[in-house]
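Note that the structure is predicted; figures quoted are calculated from it, not measured.
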Amino acid sequence: MYSFSPKLKSTSIILLVVGLVLFGIGFFLNKGISAEKIEHMMEAVHAAGHTAPTHSSEMVGPQDHASHLEHATLQVHNQPLAAIHFVAVFFFGVSCCVLFFYSIQHAAHAGWPIIITRVMEAIASYIPYGGAILIILMILNITHNGHLFHWMDPELTDPESAHFDVILFEKRIFLNIPFYAVRTLIYVLGASFFAWKLKAQSKKVDETKSKVEYQMLYRWAVGYIAFFGFASAAWAWDWLMSIDPHWYSTMYIWYSMVSCLSSGIGVIILLSVYLKKNGFLPQFNDNHLHDLGVFLFATSMLWTYTWFAQFMLYWYANVPEEVNYFFGRFQHYSPTFLPMLIINFLLPLLILVSSSIKRNYKVVTTMAVVVICGHILDYFNMVMPGTVGPYWKTPEVFILILGALLFVVGLFMFTVLTALSKLKLIPTGNPFLHESEIYEYPF
């Protein structure tokens, strides 16, 4: 039985509190930015020759100084909500992807990962808490206390308005506030239900050691795979891609999901190795680490494929409305956009390609941290350009992002480790437990 140490518990609470304080400081600093300063920031960006729009809405409507200033004001004041939004979506996605990975193993009757079953269940315990943050953000957006989603402005779909946008008018059947709110509730409540149900069914299998109950666990796992397949695609549209509703990519849903899946495997590695090194999970061995390293490597390569396929197709087509998505990132986010390929692709390729290196605890855990940080940067690149535009290199933004990260990481640590302390680490009722205990990679 794992015991949540007071030191680690204090660390998670400190992270949470410090994150809240930093975010509060950043919030008040952001609210204190005057209209004159925003105008000066806008003129500085234009004077530097960086005029590429980061959002397709900038290409629609009046292009005079007043309209540019109005847009810049909205972008600057989007900073607090954008900072917490990308972090919240990322960690919710990571937890849901871990539960997806867990369900795949049960659906495939895989024997090797049974030792880390409780690790995955504990990580999935964050889902309702992360979902609660997203519901709060949804309420702020639909009540117009935030402006992350351009399409929520009713004037844009009013044919009589001077700001009428025909593209958004055509998409209003899907992109409308009531349907968006309902979909968000479905994603959060549905994922929370499956996290609870799969944990409860897994516990029942332990208690009864019944093959009938195990069959029910298999069925619920298949049910979650089906739910996740639809929900992860739809929440990528709603929470990420609809930030720039003129732009559309058929690769985007896979791209955003694989980013979280790779990070989720990284989190599984970190928690499993932590338990192993502290004597709570001695059954976890080099072979289990090797297979997790294989998945970390494979998902990193899959992410690279989806990133490049999406980028290459749009860049080659050279359609102005589509290329704008990337060109704005090249101009305004050059320190983060392309360099993230080094973290998310090049380092995993060079370091994890060797089979023997995947048995090295220090190397694999270090790469797990690198991959998680790389994909946090990836989500930063997904959200920030379309919400705050070129106005991200300010002290307020760095304080807000650091605060949001510390708060969510602290909450994630606290909920996951608390859940783990309430679980029996070894699923003794699982019929594949012995196979996992003696598992040995053949090569």
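Here the two rings, on F311 and F326, have centers that are under 6.0 Å apart. Checked against the 6.0 Å centroid threshold, F193 and W220 count as a close aromatic pair. Separation of the W235 and F92 ring centroids falls under the 6.0 Å cut-off. Ring centers of F149 and H85: under 6.0 Å apart, within the cut-off. Taking the ring centroids of F174 and F179, they lie under the 6.0 Å cut-off.
The CE atom of M152 lies 9.5 Å from the CG atom of N176; values are rounded to the nearest 0.5 Å. Taking CH2 from W392 and OG1 from T387, the interatomic distance works out to 12.5 Å, rounded to the nearest 0.5 Å. A distance of 9.5 Å separates CZ in F23 from CZ in F407, rounded to the nearest 0.5 Å. A distance of 11.5 Å separates CD of E170 from OG1 of T157, quoted to the nearest 0.5 Å. For the atom pair CG of L411 and CD1 of I133, the computed distance is 5.5 Å after rounding to the nearest 0.5 Å. For the atom pair CG of L289 and CD1 of I116, the computed distance is 10.0 Å after rounding to the nearest 0.5 Å.
Using a 3.5 Å distance cut-off with no hydrogens or angles, the side chains of H144 and D153 do not pair a donor with an acceptor. Remark: the Y391 side chain and the N78 side chain contain no N/O donor-acceptor pair separated by less than 3.5 Å. There is a side-chain donor-acceptor pair under 3.5 Å between S202 and E121. A donor-acceptor contact closer than 3.5 angstrom is absent between the side chains of E396 and N30.
Taking 4.5 Å as the limit, every side-chain heavy atom of V397 sits out of range of all side-chain heavy atoms of V388. Contact check for F194 versus I127: no side-chain heavy atoms found under the 4.5 Å cut-off. With contacts defined as side-chain heavy-atom distances shorter than 4.5 Å, the pair P385/H332 does not qualify. Counting heavy atoms from C-beta on, the side chains of L346 and L341 never come closer than 4.5 Å. L420 places a side-chain heavy atom less than 4.5 Å from the side chain of L425. Side-chain contact between T365 and L270 is present, with heavy atoms from C-beta onward closer than 4.5 Å. Side-chain contact check for L275 versus F284: every heavy-atom pair is 4.5 Å or farther apart. Looking at heavy atoms from C-beta onward, Y252 lies out of side-chain contact with T306 at the 4.5 angstrom threshold.
In terms of modelled atom types and a separation under 3.5 Å, the side chain of S3 and the main chain of S5 share no donor-acceptor contact. With hydrogens and angles disregarded, a donor-acceptor distance shorter than 3.5 Å links the side chain of R172 to the backbone of F169. Remark: side-chain polar atoms of T415 are paired, donor with acceptor, to backbone N or O of F412 under 3.5 angstrom.
Using a 30° and 60° split on the angle between ring planes, W247 and Y314 fall in the tilted class, from 30° to 60°. Y224 and F228 have tilted rings, their planes meeting at an angle from 30° to 60° on a 0 to 90° scale.
When the shell of 6.0 Å around CH2 of W307 is examined, it contains more than 12 heavy atoms from other residues, nucleotides or ligands. The neighbour count for H40 NE2, taken as heavy atoms of other residues, nucleotides or ligands under 6.0 Å away, does not exceed 12. The number of heavy-atom neighbours closer than 6.0 Å to CD1 of I173, taken from other residues, nucleotides and ligands shown, is 12 or below. The 12-atom threshold is not exceeded at CZ of F230, counting heavy atoms of other residues, nucleotides or ligands nearer than 6.0 Å. With a 6.0 Å radius and a threshold of 12 heavy atoms from other residues, nucleotides or ligands, K422 has its NZ atom at or below the threshold. Counting non-hydrogen atoms of neighbouring residues, nucleotides and ligands closer than 6.0 angstrom, the CZ atom of F28 reaches no more than 12 such neighbours.
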Exercise. How far apart are the C-alpha atoms of L15 and M413, what are their side-chain angles, what is the distance that settles it, and do they pass the side chain to side chain contact (heavy atoms under 4.5 Å, CB included) test?
Worked result: CA-CA 9 Å; L15 286 174; M413 281 179 59; 3.8 Å; yes
Problem set entry | side-chain hydrogen bond (donor to acceptor under 3.5 Å, both in side chains) between D165 and H246, worked out | CA-CA 10 Å; D165 189 324; H246 285 202; 2.6 Å; yes
For this session: Decide side chain to side chain contact (heavy atoms under 4.5 Å, CB included) for Y126 and V94; before the verdict, give the C-alpha distance in whole Å, the side-chain angles of both, and the deciding distance to 0.1 Å.
Result: CA-CA 10 Å; Y126 173 76; V94 165; over 6 Å; no
For this session: Dump the intermediate steps for side chain to side chain contact (heavy atoms under 4.5 Å, CB included) on F164 and E155, then the final yes or no.
Result: CA-CA 6 Å; F164 177 65; E155 288 193 20; over 6 Å; no
Exercise. Side chain to side chain contact (heavy atoms under 4.5 Å, CB included) between Y180 and L175: does it pass, once the steps are laid out?
Worked result: CA-CA 7 Å; Y180 171 83; L175 290 180; over 6 Å; no
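Nearest heavy-atom pair, I268 versus V119, reported as atom, atom and distance to 0.1 Å: O-CG1, 4.2 Å. Of all heavy-atom pairs between A419 and L423, the closest is O-CG, 3.3 Å. The two atoms that bring H147 and N141 nearest to each other are N-OD1, 4.2 Å, heavy atoms only. Of all heavy-atom pairs between A88 and L134, the closest is CB-CD2, 3.9 Å. F297 and K358 get closest at one heavy-atom pair: CB-CE, 4.3 Å. Across all non-hydrogen atoms, the minimal contact from G266 to L296 is N-CD1, 4.1 Å.
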N/O donor-acceptor pairs under 3.5 Å from side chains in residues 367-384, not counting sequence neighbours:
from, atom 1, to, atom 2, distance (Å)
H375, ND1, S259, OG, 2.8
D378, OD1, Y255, OH, 2.4
D378, OD2, S259, OG, 3.0
D378, OD2, W303, NE1, 2.9
Y379, OH, S256, O, 2.9
N381, OD1, T336, OG1, 2.7
N381, ND2, T336, O, 3.0
N381, ND2, L377, O, 3.3

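Residue S242 forms a side-chain hydrogen bond (donor to acceptor under 3.5 Å, both in side chains) with just one option from W151, Y248, W237, and that option is W151.
Cation-pi check for R329 over F327 is not met; the charged atom does not lie both under 6.0 angstrom from the ring centroid and within 45 degrees of its normal.
Applying the side chain to side chain donor-acceptor pair (under 3.5 Å) test to residues at least two apart or on different chains, the pairs with a partner in residues 264-278 are Y2-Y274.
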